[in-house]
Amino acid sequence: MRLYSTLSRRLEELPEPPGPIRMYVCGPTVYQRAHIGNARPFVVAMWLRSWLRASGYEATLVHNITDVNDKIYAAAPGASAELAARATEWYLEDTGDLGLGLPDALPKATESIPAIIRFVEQLVERGYAYPAGGDVYFRVTRDPGYGRLSGQRPDQMAPDEDQSPLKEDPRDFALWKATKPGEDTSWESPWGRGRPGWHIECSVMAEEAFGPAFEIHGGGLDLVFPHHENELAQSRALGHDFARIWMHNGMVELGGEKMSKSLGNDVSLRNVLDTWGREVVLLFFLRAHWRRPIELTDETLAQAKAEVETFRNFFLDAEPGVEDGERILRSELAAVLDDDFNTPEALALFHSWRAREERSSLRYGLELFGLGSIAEPPQAPPEVAALAERRRDARAAKDFAEADRLRDELAAAGWEVRDIAAPPGYRLVPRT
RNA sequence: GGCGCCUUGGCCGAGUGGUUAGGCACGGGUCUGCAAAACCCGGUACGCCGGUUCGACUCCGGCAGGCGCCUCCA
């Protein structure tokens, strides 16, 4: 299998199964409800783990929660810890409702403070970092490879308007920040009370989970610089290889612009989930390659929904008791997924399987992406089924006025009735 | 100023130096009491201008437009 890596700017071949394949994928800063864009790296990572495991790999996924950060302090002055705890619950609840299961670990920055301090101490000892006024900064000029991930050159960077006088160089970034008035969480450190900078937590948590080298590091494209560049610099400064393959997913866009909390154009995952349902959200993501941007509109969501219904109808139309054997055309799927995890091609393949009535393969493929529910027949409650039976009998008696009235009644109850030849003579499908 | 990405038929969206992507929507048809679903039929599209080539949507150069990043961001 091969995957495109931001670091090498080319497709990288994964080792043969069983691997291991260790993935660390950056999660959100928890200060409000996650938006649909936050869901993309989660979904891509869970799908990739699913496919890797199905391919015989030992795949593990660590997904961090940033629960100490300027944003959180700003959003809840004096009560940031409570907000972070609550927003973490929201995140777990909303991503959990996608029905993809849980990552293998969900470490929080605040639970790795001692390891963060040790990491920073080592950077200081090696001359890669310096304390200043209770802060500690990474000395970017000490790292000749700085910029290797993002392609940025330190001497070409835009000058920072709002520069801390404590820094030796404007490009230096904070590893540790002295606590300030109004910040309600802080920890003792060799440099006084304070809390970690943004980037250090990920180097530390990834290495705590996997050691100094691992296979895949993921996150949104907007994290390439500075976040991931700085993680790489920190870890390389200690002589660690850190991640080999860097996967950056494209942005979810609204009106042609990146969705983000700071732009105020974000749509919560909760909202989309409640309005369209989990299957539509997943199909929506499946339709675009993971590296490409994806536009969230009513039309793109409606198209995803239409595809969900097309697949659902296929399984509904299956002859009862007839299953087309156990054949699973896994190699057809591997041909596209092993090539940079091309899910739009996989989706096209699913449509082809549908047309060819490869039921077992299609069920298998959908299950890989958390969409196995599409193949499950809906169960109408007894009172709804009773209405459908009355309508069937009215039709048999040529009382079409009554039949149409009952169809309306079923619709009002949330069910669509379709006439079929096979017993019981009708099919009930939830109206969505 | 620097780094990178994108531009495919009404919409979404893969892909390839020469062969139908696929889906959604739309129109026509079959089926149906009427529907719905399903199935059949219906569009050779690749921003513009050059170049390379027997041949380019695919490679190279330029231009135009759009997007992301350059220490808040998934």
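Letters go in sequence order (proteins before strands), and every chain restarts at 1. Heavy atoms only: backbone and side chains are in, while hydrogens, waters and symmetry mates are out. Remember, predicted model here, so these are calculated numbers, not experimental data.
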Checklist entry - Do NZ/NE/NH1/NH2 and the carboxylate oxygens of A:Arg405 and A:Glu409 come within less than 4.0 Å? => result yes

Item to check | A:His289 side-chain proximity, nearest of B:A14, B:C34, B:G2 | outcome: B:A14

Checklist outcome for this item: Across every strand shown, the nucleotide meeting Watson-Crick or G-U wobble geometry with B:G47 (both distances under 3.5 Å) is B:C63

Next on the checklist: Less than 4.0 angstrom between a side-chain N/O of A:Thr300 and OP1 or OP2 of B:C24, yes or no?
Outcome noted: no

Next on the checklist: Nearest to the A:Pro226 side chain among B:U71, B:C34, B:C12, which nucleotide is it?
Outcome noted: B:U71

Checklist entry - Which part of the nucleic acid does A:Pro41 contact within heavy-atom distance under 4.0 Å: base, sugar-phosphate only, or nothing? => result base

Next on the checklist: For the C1' atoms, the ones on B:C67 and on B:U30, what distance do you get once it is rounded to whole angstrom?
Outcome noted: 46 Å

Checklist entry - What is the distance from CG of A:Leu286 to P of B:G23, rounded to the nearest Å? => result 15 Å

Item to check | Side chain of A:Glu253 - closest among B:C67, B:A74, B:C24 | outcome: B:C67

Checklist entry - Within less than 4.0 Å of OP1 or OP2 of B:A74, is there a side-chain N or O belonging to A:Asn38? => result yes

Checklist entry - Can you find a donor-acceptor N/O pair under 3.5 angstrom joining the side chain of A:Lys71 to the base of B:C72? => result yes

Checklist entry - According to the Watson-Crick and G-U wobble definitions, with both distances under 3.5 Å, which nucleotide is paired to B:C3? => result B:G68

Next on the checklist: I'd like the P distance from B:C60 over to B:U7, given in whole Å.
Outcome noted: 14 Å

Next on the checklist: Under 4.0 Å, heavy atoms only, any strand: does A:Val429 hit a base, just the sugar-phosphate, or nothing?
Outcome noted: nothing

Item to check | Residue matched to B:U53 through Watson-Crick or wobble contacts both under 3.5 angstrom | outcome: none

Item to check | Spacing of the C1' atoms in B:C5 and B:A21 (rounded, Å) | outcome: 23 Å

Checklist entry - Between B:U7, B:A37, B:G68, which one does the side chain of A:Glu257 approach most closely? => result B:G68

Item to check | Between B:U71 (P) and A:Phe173 (CZ): distance, integer Å | outcome: 13 Å

Checklist entry - Starting at CD1 of A:Ile65 and ending at P of B:C73, how long is that distance when rounded to a whole Å? => result 15 Å

Checklist entry - Which listed nucleotide (B:G22, B:G13, B:C73) is nearest to the side chain of A:His351? => result B:G22

Next on the checklist: Are A:His351 and A:Phe311 an aromatic pair, judged by ring center distance below 6.0 Å?
Outcome noted: yes

Next on the checklist: Checking base pairs now: Watson-Crick or wobble, both atom distances under 3.5 Å. What partners B:G10?
Outcome noted: B:C24

Checklist entry - Closest to the A:Arg354 side chain: B:C12, B:G23, B:U71? => result B:G23

Item to check | Ring centres under 6.0 angstrom apart (A:His248, A:His228) | outcome: yes

Item to check | RNA chain B: 5'-proximal contact among A:Tyr146 and A:Ala306 (nearest heavy atom) | outcome: A:Ala306

Item to check | First of A:Leu349 and A:Leu263 reached from the 5' end of RNA chain B, by closest nucleotide | outcome: A:Leu349

Checklist entry - Of the nucleotides B:C12, B:C73, B:C34, which one has an atom closest to the side chain of A:Arg391? => result B:C34

Next on the checklist: Among B:U7, B:G2, B:C11, which nucleotide has an atom closest to any side-chain atom of A:Arg292?
Outcome noted: B:U7

Checklist entry - Roughly how many Å is it from CZ in A:Arg427 to P in B:A38, rounded to a whole number? => result 11 Å

Checklist entry - Using the P atom in both, what is the distance from B:C3 to B:G23, to the nearest Å? => result 42 Å

Checklist entry - Contact class for A:Asp419 vs. all strands (heavy atom < 4.0 Å): base, sugar-phosphate, or nothing? => result base

Checklist entry - Can the positive tip of A:Arg291 be found less than 6.0 Å from the middle of the six-membered ring of A:Tyr4, inside 45° of the ring normal? => result yes

Checklist entry - Under 4.0 Å between a Lys/Arg side-chain N and an Asp/Glu carboxylate O for A:Arg171 and A:Asp143? => result no

Checklist entry - Taking the six-membered ring of A:Phe173 as reference, does the NZ or CZ atom of A:Lys167 fall below 6.0 Å from its centre and within a 45° cone about the axis? => result no

Next on the checklist: Using whole Å, what does the distance between atom P of nucleotide B:C72 and atom CD of A:Gln32 come to?
Outcome noted: 17 Å

Item to check | Check: B:C24 base within 3.5 Å donor-acceptor of A:Glu307 side chain | outcome: no

Next on the checklist: What is the distance, to the nearest angstrom, from the CG atom on A:Leu149 to the P atom on B:G68?
Outcome noted: 19 Å

Item to check | Nearest-Å distance once atom P is located in both B:G61 and B:U52 | outcome: 15 Å

Next on the checklist: Under 4.0 Å, counting only non-hydrogen atoms across every strand here, what does A:Asn342 touch: a base, just sugar-phosphate, or nothing?
Outcome noted: sugar-phosphate

Checklist outcome for this item: Under a 3.5 Å limit on both distances, the Watson-Crick or wobble mate of B:U19 is none

Item to check | C1'-based separation of B:C26 from B:C34 [nearest Å] | outcome: 23 Å

Checklist entry - Can you find a donor-acceptor N/O pair under 3.5 angstrom joining the side chain of A:Arg407 to the base of B:A35? => result yes

Checklist entry - What is the distance, rounded to the nearest whole Å, between atom CZ of A:Arg291 and atom P of B:A14? => result 10 Å

Item to check | B:C67 base / A:Asp222 side chain donor-acceptor hit below 3.5 Å | outcome: no

Next on the checklist: Within the structure provided, determine whether A:Asn230 and A:Trp198 are in side-chain contact (heavy-atom separation under 4.5 Å).
Outcome noted: no

Checklist entry - Paired with B:C34: which nucleotide, if any, by Watson-Crick or G-U wobble criteria at under 3.5 Å for both distances? => result none

Next on the checklist: By nearest atom, which of the nucleotides B:A37, B:A21, B:A74 is closest to the A:Lys258 side chain?
Outcome noted: B:A74

Next on the checklist: What I want to check is whether an N or O donor and acceptor connect the side chain of A:Ser150 with the base of B:C3 at under 3.5 Å.
Outcome noted: no

Checklist entry - How is A:Phe225 classified with respect to the nucleic acid when contacts are heavy atoms under 4.0 Å: base, sugar-phosphate, or nothing? => result sugar-phosphate

Checklist entry - Can you tell me how far C1' of B:A37 sits from CZ of A:Phe315, to the nearest Å? => result 16 Å

Checklist entry - Does the ring of A:Tyr426 carry A:Arg392 above it, NZ/CZ under 6.0 angstrom from centre and within 45° of its axis? => result no

Next on the checklist: Using atom P in both nucleotides, what's the gap between B:G65 and B:G13 to the nearest angstrom?
Outcome noted: 23 Å

Item to check | Selection from B:A74, B:C3, B:A38 that lies nearest to any side-chain heavy atom of A:Thr310 | outcome: B:A38

Next on the checklist: Any salt bridge linking A:Glu89 with A:Arg86? Criterion: basic side-chain nitrogen under 4.0 Å from a carboxylate oxygen.
Outcome noted: no

